[in-house]
Structure formats: structure tokens, C-alpha cells
K.L.:
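Here it is: the structure, laid out below.
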Amino acid sequence: MMKWMDISQPLTNGMPGWPGDTPFTFELSCTKEESGSVNVGKLTLSTHTGTHIDAPYHFDNKGQRVLQLEPDRYVGIARVIYLPDANAIGPDELKGVELKGVSRLLIRTDTWLDRSRFPEKIPPLKPEVALYLAAQGVKLIGLDLPSVDPLDSKTLLTHHALHQEDIHILEGVVLDQVQPGDYELIALPLPLVDADGSPVRAMLRPL
């Protein structure tokens, strides 16, 4: 049986996060020596730390929170494609890609290879790609980038366009060593009742 591949960013103190967002920290709030029996850790982090999903509430006050999202979106067959030279990704960049029957699409760009630093620029998804993906049947889009929109965007047009077409968003996956093809994907969010996003442990297994 083929082994699972971890495509999640390791969560560690000092890791880069979105500028101005809550930095990730882990510390022991109680040690085995203090308690007499166990170590107990404490996490401080953003809901958009590392590899994560965006709930619609992230950019729409009336949007669904994490626990309201369908878990099935984040488990199942996914196609990985490789687009290393795009300045932005829209229908033209996807025209040569076979997407028939694909409901989960992961795009490897190799733009963010140095994970010790937050990228200065990324190839975002163009808003018009949402209609194109929806027409192919895509229900989940994932990227090896921290956002589907330009890093300086305040309007988040692509987030809104994807939501309009009922396409869920997975960001920050690590696809550097993943070859194009079809895989089994697991990228389940935590059962956060009111949250706007959630870190995930994203895994792929070749079919």
C-alpha cells in the first residue's frame, strides 16, 4: 500500500505568518516536574496558521463558520497540477489541464519554496477562474501559497468569486516534492464552532 505524504507546514515557534497576524507559539504551561505526572502544552496561533482552510466567514460576515462546512469537501480524490511559471492563474493558464471529473484541485506553483520567510509576491488566482472551475465541477481549490488573492488585496475578489461558486479554499499546502497526478486527500479542519478558518493536517496518498 502506498504511504501517506504529509503536505502540511510544520508548526514551530518562529515560523512566518501573515504580517500582523497572531504568531504561532508553543510552550509548556505545566511540566512533568511541576505536576508530578505530565507535560501540558499551550498553543497560541491564528486560525490561518500554516496549512489551513478559509471558511466564508473569513471574508463575509454572513458566511459559514468552520463547523458548518461539509467535511466531505476535504476528504477524497484530488488532482495535483504543476504551474511553475504563471504570474497569475486564470482560465487561460488552465486550458491545457484536464479537469473533467475533478472535484478537488491542488495547484503547485513552487513560488514559496523558502518557508522560513513570508513571500513578498505570489501568483494569485484571477477572480474569473471561479466560473471556469465551477463549470468543471471543482468544489475545493488548494494552493502552495498563503492566499488565493494578491497579498495586498483588500477586496479579496477571488475569495468572494470562489464562494459565489461554492468552491472551498485550502491554502499553504506544501507540494514541493509532489508530482502531478491523482491522489487521495485528507485535509480536515478542526471542529471550531465560530471560527473563520482552521489549520489542517493535510495528507496525500498516491492512487
K.L.:
Would a 4.5 Å heavy-atom cut-off, applied to side chains only, mark Val148 and Val129 as touching?
P.N.:
no
K.L.:
Considering only heavy atoms from C-beta outward, does the side chain of Ile89 approach that of Thr109 to under 4.5 Å?
P.N.:
yes
K.L.:
Which heavy atom of Pro56 sits nearest a heavy atom of Leu69, and at what distance?
P.N.:
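It is CD-CD2, 3.7 Å.
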K.L.:
Donor-acceptor pair, Glu184 side chain versus Ile186 backbone, under 3.5 Å?
P.N.:
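Checking the backbone N and O of Ile186 against the side chain of Glu184, no donor-acceptor pair under 3.5 Å is found.
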K.L.:
Is Pro10 close to Met15 at the side-chain level, that is, under 4.5 Å between some pair of heavy atoms?
P.N.:
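Sidechains of Pro10 and Met15: no contact.
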K.L.:
Can you confirm whether Val173 sits close enough to Leu204 that some side-chain heavy atom of one is under 4.5 Å from a side-chain heavy atom of the other?
P.N.:
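With C-beta onward as the side chain, the pair stays apart.
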K.L.:
Walk me through whether Met5 and Tyr183 qualify under side-chain contact (heavy atoms from CB on, under 4.5 Å).
P.N.:
CA-CA 10 Å; Met5 306 161 59; Tyr183 297 82; 4.1 Å; yes
K.L.:
Can you name the side chain to side chain contact (heavy atoms under 4.5 Å, CB included) partners of Val38, sequence neighbours left out?
P.N.:
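Only Ser35, Val40 meet the side chain to side chain contact (heavy atoms under 4.5 Å, CB included) criterion with Val38.
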K.L.:
So, taking the atom named OG in Ser37 and the one named NZ in Lys32, what distance separates them when rounded to the nearest 0.5 Å?
P.N.:
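One gets 7.5 Å once the value is rounded to the nearest 0.5 Å.
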K.L.:
Hey, could you give me the CG/CZ distance between Leu11 and Arg201, rounded to the nearest 0.5 Å?
P.N.:
9.0 Å
K.L.:
Between Ile167 and Ala130, what is the shortest heavy-atom contact and its length?
P.N.:
CD1-O, 3.7 Å
K.L.:
Quick one, Thr158 and Pro127 - any side-chain contact, counting heavy atoms below 4.5 Å?
P.N.:
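Thr158 vs Pro127: side chains touch.
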K.L.:
Show, in sequence, the C-alpha distance, side-chain angles and deciding distance for Asp194 and Tyr57, and conclude whether the side-chain contact (heavy atoms from CB on, under 4.5 Å) test is met.
P.N.:
CA-CA 9 Å; Asp194 294 322; Tyr57 179 60; over 6 Å; no
K.L.:
Is a donor on one side and an acceptor on the other found under 3.5 Å between the side chain of Arg104 and the backbone of Ile77?
P.N.:
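Yes, Arg104 side chain to Ile77 backbone: donor-acceptor pair under 3.5 Å.
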K.L.:
Start with the C-alpha distance between Leu190 and Val66, add both sets of side-chain angles, then the distance that settles side-chain contact (heavy atoms from CB on, under 4.5 Å), and finish with yes or no.
P.N.:
CA-CA 8 Å; Leu190 298 171; Val66 171; over 6 Å; no
K.L.:
Any side-chain heavy atom of Asp176 sitting closer than 4.5 Å to one from Arg115?
P.N.:
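Of all side-chain heavy-atom pairs linking Arg115 with Asp176, at least one is under 4.5 Å.
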K.L.:
Verify the cluster assignment for Ile7 and Leu140: are they in a single hydrophobic cluster under the rule of side-chain heavy atoms below 4.5 Å apart?
P.N.:
yes
K.L.:
Please determine whether the number of non-hydrogen atoms from other residues, nucleotides or ligands lying under 6.0 Å from atom CG of Asp114 exceeds 12.
P.N.:
yes
K.L.:
With the 4.5 Å side-chain cut-off for hydrophobic clustering, are Leu125 and Leu99 part of the same group?
P.N.:
yes
K.L.:
Show the numbers, then the answer: is there a side-chain contact (heavy atoms from CB on, under 4.5 Å) between Gln136 and Val102?
P.N.:
CA-CA 7 Å; Gln136 312 302 314; Val102 175; over 6 Å; no
K.L.:
So, Thr51 side chain and Ala202 main chain: donor-acceptor pair closer than 3.5 Å or not?
P.N.:
no
K.L.:
Same hydrophobic cluster for Val97 and Tyr82, using side-chain heavy-atom links shorter than 4.5 Å among ILVMFWY?
P.N.:
no
K.L.:
Measure across Pro206 and Lys3 and return the closest heavy-atom pair with its distance rounded to 0.1 Å.
P.N.:
CD-O, 3.7 Å
K.L.:
Do you reckon Leu145 sits in the same ILVMFWY cluster as Leu162, going by side-chain contacts under 4.5 Å, direct or chained?
P.N.:
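In one cluster: yes.
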K.L.:
To check you understand the geometry: which heavy-atom pair defines the closest contact between Gly197 and Leu192, and what is its length?
P.N.:
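Looks like O-CD1, 3.7 Å.
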K.L.:
Step through the shown structure and confirm whether more than 12 heavy atoms of other residues, nucleotides or ligands are within 6.0 Å of CD on Glu128.
P.N.:
yes
K.L.:
Atom NE2 in His58, atom OG1 in Thr47: separation rounded to 0.5 Å?
P.N.:
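If we round to the nearest 0.5 Å, His58:NE2 and Thr47:OG1 are 7.5 Å apart.
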K.L.:
Given Leu143, which of Ile107, Ile122, Leu83 fulfils the side-chain contact (heavy atoms from CB on, under 4.5 Å) condition?
P.N.:
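For Leu143, the side-chain contact (heavy atoms from CB on, under 4.5 Å) test succeeds with only one of Ile107, Ile122, Leu83, which is Ile107.
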K.L.:
Measure the acute angle between the ring planes of Tyr74 and His168, then classify it against the limits of 30° and 60° as parallel, tilted or perpendicular.
P.N.:
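Taking His168 first and then Tyr74, their aromatic rings sit tilted (interplane angle of 30° to 60°).
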K.L.:
Measure the shortest side-chain to side-chain distance between Leu188 and Pro71 over non-hydrogen atoms and say whether it is less than 4.5 angstrom.
P.N.:
yes
K.L.:
Hydrophobic cluster membership, with links at side-chain heavy-atom distances under 4.5 Å among I/L/V/M/F/W/Y: are Leu94 and Ile141 in one?
P.N.:
yes
K.L.:
Name the one of Asp196, Asp21, Thr22 that satisfies side chain to side chain donor-acceptor pair (under 3.5 Å) with His48?
P.N.:
Asp196
K.L.:
Check whether any side-chain N or O of Gln9 sits under 3.5 Å from a backbone N or O of Gly172 as a donor-acceptor pair, and report yes or no.
P.N.:
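Checked: pair present.
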K.L.:
When you measure from the side chain of Arg79 to the backbone of Glu98, do you find a donor-acceptor pair of N or O atoms at a distance under 3.5 Å?
P.N.:
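Such a contact is found between Arg79 side chain and Glu98 backbone.
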K.L.:
Under a 4.5 Å cut-off applied to non-hydrogen side-chain atoms, are Leu151 and Pro146 in contact?
P.N.:
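Result yes, sub-4.5 Å side-chain heavy-atom pair found.
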K.L.:
To the nearest 0.5 Å, what is the distance between CZ on Phe26 and OG1 on Thr44?
P.N.:
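It is 10.5 Å, given to the nearest 0.5 Å.
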K.L.:
Taking all non-hydrogen atoms of both residues, which atom of Pro199 and which atom of Ser46 are closest, and how far apart?
P.N.:
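Where Pro199 meets Ser46 most closely, the heavy atoms are CG-O, 4.1 Å.
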K.L.:
Is it true that a side-chain atom of Trp112 and a backbone atom of Val174 form a donor plus acceptor pair closer than 3.5 Å?
P.N.:
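A pair under 3.5 Å: no.
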K.L.:
Give, for atom NE2 of His163 and atom CG of Asp54, the distance between the pair rounded to the nearest 0.5 Å.
P.N.:
11.5 Å
K.L.:
What closest approach, in Å, do Leu185 and Ala187 show between heavy atoms, and which atom pair accounts for it?
P.N.:
CD1-CB, 4.1 Å
K.L.:
Show your working on side-chain hydrogen bond (donor to acceptor under 3.5 Å, both in side chains) between Asp149 and Ser147 and close with a plain yes or no.
P.N.:
CA-CA 5 Å; Asp149 272 293; Ser147 180; 5.0 Å; no
K.L.:
Roughly how far apart are Lys139 NZ and Asp166 CG, rounded to 0.5 Å?
P.N.:
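Output value for this atom pair is 4.5 Å.
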K.L.:
For the side chain of Glu93 and the backbone of Gly90, is there at least one donor-acceptor N/O pair under 3.5 Å apart?
P.N.:
yes
